[in-house]
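We count ligands from 1, going down the list as the structure has it; atoms in each ligand are counted the same way. Nothing here was measured: the structure is a model prediction, and the numbers come from that model. These numbers come from the heavy atoms of this one structure, side chains and all, not from hydrogens, waters or symmetry mates.
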Amino acid sequence: MADLSITRLLVEPVLARAKTDYSVWLNADDHIMSADELVARSFESDALMICHSEILSRDVVARLSDRLQIVANYSVGVDHCDLSALKERGIVVTNTPDVLSDATAEIAMLLLLGASRRAYEGDQMLRLGTWKHWAPVEMNGIQVTSKRLGIVGMGRVGQTVAKRARGFEMEIHYTNRNRLPPELEQGAVFHPTVQSLFETVDMISLNCPATPETENLVNAQSIGWMRPGVVFVNTARGRLVDESALIEALNSGHIAAAGLDVFQTEPGGNPAFAACPNVLMLPHLGSSTRETRKAMGDRALDNLDAFFAGREPRDRLV
Ligand code: DGY
């Protein structure tokens, strides 16, 4: 039986399956593991199953044991892993695509609707007892139906967001490294640049991976390209956004409202957003449904099973 270290507590059916097929070490108190702890585990493990909270930077990868053969990520995003360093060490890396697209798209829609319709402010009025009367001119939000939605990153999650948004009769625009074929585009309008997309749409959803090319994609300059009164949603990664520039735009009203599930600093987020009533925030809940968290575990274990059976893991990245 291969030795597998699982660095975070996972839902019970996933742990039960893992324990049937592997000799499992579990980070039972579920703390975020430090670089030293990850390195130490690698000396006891043939495989690691990690989340995006565990950082395998080049420095950490250089210290990993030769024993470690595979890192099976329990995530679709792999910006916490230095893939080229892992490749150089001959360590196989997998992720969990597809299975979290529906859950993440649900959160994108929740944030889009909630930010547009002032859900945070409304909820606060009831909790604080400040709702004194119904008034035609109070708490007027922005209608989502029939607006132009700009999706940055039209991969699996972006396409699922588009599908859900079409239910609100939204007109879909997108930018992506490559234009999609017509059967996947489904009538969405392709923009070759972020600038062209931002200049065109009423609402924006970030759904692209964090890479050196996309880091701080939303910054003072690109916010300037956005139409005044735009609604902005990020369910991808915090590092795509210059948060100070976003706060400035929220305060000036250039960005009317934002829905954020991800932050530059996680856990914790950015306390400065708490002063902005036009921001609806969640603590990185994109994939957090019981169904999806089980499916992610099954996908990661399928990858491990294939690897240890001498087959190519379905979601091998390097
Ligand atoms: C992912 O899978 O990338 C989600 O953000 C959760 O880690």
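When hydrogens are left out, the protein atom nearest atom 4 (C) of ligand 1 is H284 NE2, 3.7 Å; that is the closest non-hydrogen contact. Looking only at heavy atoms of the protein, atom 2 (O) of ligand 1 is closest to V76 N, 2.7 Å.
No side-chain donor from either of R148 and T200 sits under 3.5 Å from a side-chain acceptor of the other.
Using a cutoff of 4.0 Å between basic side-chain nitrogens and carboxylate oxygens, R299 and D98 are scored as salt-bridged. A salt bridge does not link D59 with R63: none of the charged nitrogens is closer than 4.0 Å to a carboxylate oxygen. The residues R17 and D305 are annotated as salt-bridged, a charged nitrogen and a carboxylate oxygen being separated by less than 4.0 angstrom.
In this structure F232 satisfies the ring-ring contact (aromatic ring centres under 6.0 Å, His included) test with no other residue, sequence neighbours excluded.
Geometrically, ligand 1 and R237 share a nitrogen or oxygen pair separated by less than 3.5 Å. Looking at ligand 1, you'll find an N or O of G77 within less than 3.5 Å of one of its N or O atoms. Some N or O of H52 is nearer than 3.5 Å to an N or O of ligand 1, by distance alone.
Only the side chain of L100 comes within 4.0 Å of ligand 1, counting heavy atoms alone; its backbone N, CA, C and O stay farther away.
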